Amino acid sequence: MKIVEMNNVRKEYTDGEYTLTAVNNIDFHIEEGEIVAIIGPSGCGKTTLVNILGLILEPTRGEIVIDGKNIVEYREKDKAKARNEFFGYLTQDFSLVENDSVFDNIRIPLIYSSQRKTKREQRELILKYLNQLGLESIVDKKVKNLSGGQRQRVALIRAIVNEPRVIIADEPTGSLDSVTSKEIFDLLKGLVSEGISVLMVTHNLELASQCNRIVNMLDGQIID
C-alpha cells in the first residue's frame, strides 16, 4: 500500500533571470512498512525531495498524495498537523535545543499534538521510550551535556513520540561513528518492523544496501 506518493513533482528556485531546477518532474512513492534509502552526490536534490514530501517545502508544481488524500485539499492547519503527527523528522545535526533538558526537547511534538496529554502523561511516555534505550537517567540532563550518540537517540525518540506513520531521516548517521551509526540504523529498522515507513537520505552505501529499496538521484532526477 502506497502511504505517500509524488506525481510529476518539480521544484525550481529563481534568482533574477536564473532558474535552478532542484527536483525535476519526479514520480516517487513509499510503501507502508518499508525503509527506503535515497542516495546520490551532494546537491543532487535529495534533501529538497524529502522536504517536499514531508510538507516542509512547497513544490513548484506536481501532486503529493498522503494516505490517499491529495494535499491540495489540505488547509494550512492540516499541513501543520501532518508535519507534527503523520511525519517524524530525524536530521544529521539533531536539531535539538541545546540548553533545554532531554524531557523538554522530546515533548515538543506532544505540546502541539491534537491528542492532548498532561505534562505528567508526557513524562511517563517519554520515560517509557528512554527506558527502552537505557537512557532514563538522562531525562533531566541538558542536551548540551550529551554525547553524539545520546543526542541522536533523543532526536529519534522525539521523532517517534507522536507515533508517526513515516519517519524522514536526512543523513541520520552522518555525524556518528560506525558503531553508533549501525545502532541508530537498527533502531530505524525496528520501527519498520512495527509498520512505520522510513525514508532515509544517506551517503552510507553499506546501510543503504540493507534497505528495502535504494533510490539513486542525480541532477534533480531519479536515475535508478
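Please read all numbers here as calculations on a predicted model, not as lab measurements. Numbering of residues begins at 1 and proceeds along the displayed sequence.
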Visitor: Ignoring hydrogens, what is the shortest heavy-atom contact between Leu55 and Arg83? Give both atom names and the distance.
Guide: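 So the minimum-distance heavy-atom pair works out to O-NH1, 2.8 Å.
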Visitor: Consider only side-chain heavy atoms of I, L, V, M, F, W and Y, link residues closer than 4.5 Å, and tell whether Met200 and Ile214 are in one cluster.
Guide: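 No; Ile214 is not reachable from Met200 via cluster members.
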Visitor: Can you find a heavy atom in the side chain of Val4 that is under 4.5 Å from one in the side chain of Leu53?
Guide: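 Yes. Closest side-chain heavy atoms under 4.5 Å.
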Visitor: Nearest heavy-atom pair of Asn216 and Gly40: which atoms, and what distance?
Guide: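 Reported closest heavy-atom pair: OD1-CA, 4.0 Å.
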Visitor: Are Val65 and Val9 linked, directly or through intermediate hydrophobic residues, by side-chain heavy-atom contacts shorter than 4.5 Å (ILVMFWY only)?
Guide: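 No, no single cluster joins them.
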Visitor: Less than 4.5 Å apart, any side-chain heavy atom of Lys182 and any of Asp186?
Guide: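 A side-chain contact exists here, since the closest heavy-atom pair is under 4.5 Å.
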Visitor: To check you understand the geometry: which heavy-atom pair defines the closest contact between Val161 and Arg158, and what is its length?
Guide: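 The answer is CG1-O, 3.5 Å.
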Visitor: Determine, step by step, whether Glu85 and Lys77 satisfy the salt bridge (Lys or Arg N to Asp or Glu O under 4.0 Å) criterion, reporting the C-alpha distance in whole Å, the side-chain angles of both residues, the deciding distance to 0.1 Å, and the verdict.
Guide: CA-CA 12 Å; Glu85 299 179 23; Lys77 70 175 185 179; over 6 Å; no
Visitor: Less than 4.5 Å apart, any side-chain heavy atom of Phe28 and any of Ile52?
Guide: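 Result no, sub-4.5 Å side-chain heavy-atom pair not found.
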Visitor: Minimum heavy-atom separation for Leu207 and Phe185, please, with both atom names.
Guide: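 In this case the closest contact between Leu207 and Phe185 is O-CZ, 3.4 Å.
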Visitor: Please report the interatomic distance CD(Glu121) to CZ(Arg116), rounded to the nearest 0.5 Å.
Guide: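 That separation rounds to 12.5 Å.
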Visitor: Are Val143 and Leu127 connected in a single hydrophobic cluster, I mean Ile/Leu/Val/Met/Phe/Trp/Tyr linked by side-chain heavy atoms less than 4.5 Å apart?
Guide: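 Yes.
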Visitor: Distance check, rounded to the nearest 0.5 Å: Leu20 atom CG versus Thr14 atom OG1?
Guide: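 Separation between the atoms: 9.0 Å.
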Visitor: Shared ILVMFWY cluster between Val198 and Leu90, side chains joined below 4.5 angstrom?
Guide: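 The answer is yes; both residues are in one hydrophobic cluster.
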Visitor: Does Gly54 offer a backbone N or O that forms a donor-acceptor pair with the side chain of Tyr89 under 3.5 Å?
Guide: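 It does hold such a pair.
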Visitor: Taking atom CD of Gln115 as the centre, does the number of heavy atoms from other residues, nucleotides or ligands within less than 6.0 Å exceed 12?
Guide: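 Counting neighbours around CD of Gln115, 12 or fewer heavy atoms of other residues, nucleotides or ligands fall under 6.0 Å, so no.
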Visitor: Does the side chain of Glu63 reach to within under 4.5 Å of the side chain of Asn8, using non-hydrogen atoms?
Guide: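 Sidechains of Asn8 and Glu63: no contact.
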Visitor: Will you find, in the side chains of Thr91 and Asp93, an N or O donor that is under 3.5 Å from an N or O acceptor?
Guide: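 Per modelled atom types, Thr91 and Asp93 side chains form a pair under 3.5 Å.
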Visitor: Evaluate the criterion side-chain contact (heavy atoms from CB on, under 4.5 Å) for residue pair Ser178 and Glu206; output intermediate values, then yes/no.
Guide: CA-CA 11 Å; Ser178 59; Glu206 181 181 353; over 6 Å; no
Visitor: As a quick check of understanding, evaluate side-chain contact (heavy atoms from CB on, under 4.5 Å) for Leu135 and Val102, giving each step before the final call.
Guide: CA-CA 10 Å; Leu135 296 175; Val102 168; over 6 Å; no
Visitor: Taking the side chain as every heavy atom from C-beta outward, state whether Lys119 and Phe103 have any atom pair closer than 4.5 Å.
Guide: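 Contact flag for Lys119/Phe103 side chains = yes.
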Visitor: Rounded to the nearest 0.5 Å, what separates atom CD1 in Ile71 from atom CG in Asp78?
Guide: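 Reported to 0.5 Å precision, the distance equals 10.5 Å.
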Visitor: How long is the gap from CZ on Arg213 to CD1 on Ile38, to the nearest 0.5 Å?
Guide: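 If we round to the nearest 0.5 Å, Arg213:CZ and Ile38:CD1 are 9.5 Å apart.
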Visitor: Nearest 0.5 Å, what's the SG-CG distance between Cys44 and Leu49?
Guide: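 Those atoms lie 9.0 Å apart.
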Visitor: Can you tell me which residue among Leu125, Ile126, Ile160 is in a side-chain contact (heavy atoms from CB on, under 4.5 Å) with Ile106?
Guide: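 When Leu125, Ile126, Ile160 are each tested with Ile106, the side-chain contact (heavy atoms from CB on, under 4.5 Å) holds only for Ile126.
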Visitor: Please determine whether side-chain contact (heavy atoms from CB on, under 4.5 Å) holds for the pair Arg153 and Thr180, giving the CA-CA distance in whole Å, both sets of side-chain angles, and the decisive distance to 0.1 Å.
Guide: CA-CA 10 Å; Arg153 285 170 175 80; Thr180 308; 3.7 Å; yes
Visitor: Checking Lys11 against Tyr13: charged group under 6.0 Å from the ring centre and within 45 degrees of the axis?
Guide: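 Yes - Lys11 lies over the ring of Tyr13, closer than 6.0 Å to its centre and within 45° of its axis.
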Visitor: Same cluster for Ile56 and Val201 if Ile/Leu/Val/Met/Phe/Trp/Tyr side chains link at under 4.5 Å?
Guide: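 Yes, because Ile56 and Val201 connect within a single hydrophobic cluster, where side-chain heavy atoms sit under 4.5 Å apart.
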Visitor: Between Glu183 and Gln152, does a side-chain contact (heavy atoms from CB on, under 4.5 Å) hold up when you go through it step by step?
Guide: CA-CA 10 Å; Glu183 291 175 353; Gln152 193 60 302; over 6 Å; no
Visitor: Could you tell me whether Glu124 and Lys128 make a salt bridge, using a distance below 4.0 angstrom between a side-chain N and a carboxylate O?
Guide: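 Between Lys128 and Glu124 there is no salt bridge, as every charged N stays at least 4.0 Å from the carboxylate O atoms.
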Visitor: Is Asp219 close to Asn24 at the side-chain level, that is, under 4.5 Å between some pair of heavy atoms?
Guide: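 Not touching, per the 4.5 Å side-chain cut-off.
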Visitor: Let me know which of Met1, Glu32, Lys2 forms a side-chain contact (heavy atoms from CB on, under 4.5 Å) with Asp67.
Guide: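 It is Met1; the other options fail the test.
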Visitor: As a test of understanding, state which of Asp224, Val36, Leu199 forms a side-chain contact (heavy atoms from CB on, under 4.5 Å) with Val215.
Guide: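 Looking at Asp224, Val36, Leu199, the match for Val215 under the side-chain contact (heavy atoms from CB on, under 4.5 Å) is Val36.
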Visitor: Taking only residues two or more places apart in sequence or in another chain, which ones pass side chain to side chain donor-acceptor pair (under 3.5 Å) with Glu98?
Guide: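 For Glu98 the side chain to side chain donor-acceptor pair (under 3.5 Å) partners, ignoring immediate neighbours, are Arg151.
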Visitor: Report yes or no: does Lys79 contribute a side-chain atom to a donor-acceptor pair with the main-chain N or O of Tyr74 at less than 3.5 Å?
Guide: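 Looks like no, no N/O pair under 3.5 Å.
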Visitor: Give a yes or no on whether the backbone of Gly33 and the side-chain of Ser197 come within a donor-acceptor separation of less than 3.5 Å.
Guide: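 Yes, because the side chain of Ser197 sits within donor-acceptor range (under 3.5 Å) of the backbone of Gly33.
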Visitor: Is any side-chain heavy atom of Val166 closer than 4.5 Å to one of Ile168?
Guide: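 Yes, at least one pair of side-chain atoms sits under 4.5 Å.
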Visitor: Donor-acceptor pair, Ser113 side chain versus Leu110 backbone, under 3.5 Å?
Guide: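 No, Ser113 side chain to Leu110 backbone: no donor-acceptor pair under 3.5 Å.
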Visitor: Could you tell me whether a side-chain N or O of Asn105 sits under 3.5 Å from a main-chain N or O of Val97, the two making a donor and an acceptor?
Guide: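 Yes, because the side chain of Asn105 sits within donor-acceptor range (under 3.5 Å) of the backbone of Val97.
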Visitor: Does the pair Arg123/Asp140 count as a salt bridge with the N-to-O cut at 4.0 Å?
Guide: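 Looking at Arg123 and Asp140, the cut-off is met.
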Visitor: Give me the atom names and distance for the closest heavy-atom approach of Ser147 to Gln150.
Guide: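 Closest pair (atom of Ser147, atom of Gln150, distance): N-OE1, 3.0 Å.
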Visitor: Taking the side chain as every heavy atom from C-beta outward, state whether Thr202 and Ile39 have any atom pair closer than 4.5 Å.
Guide: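 They are in side-chain contact.
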Visitor: Taking all atoms of both residues into account, what is the closest heavy-atom pair of Asn84 and Pro109, and its distance?
Guide: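 Of all heavy-atom pairs spanning Asn84 and Pro109, the closest is ND2-O, 3.0 Å.
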Visitor: Taking the side chain from Thr173 and the backbone from Leu176, do they hold a donor-acceptor pair closer than 3.5 Å?
Guide: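 Judged by distance alone, no pair lies under 3.5 Å.
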Visitor: What's the separation between atom CD1 in Ile222 and atom NZ in Lys46, rounded to the nearest 0.5 Å?
Guide: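 These two atoms lie 12.5 Å from each other.
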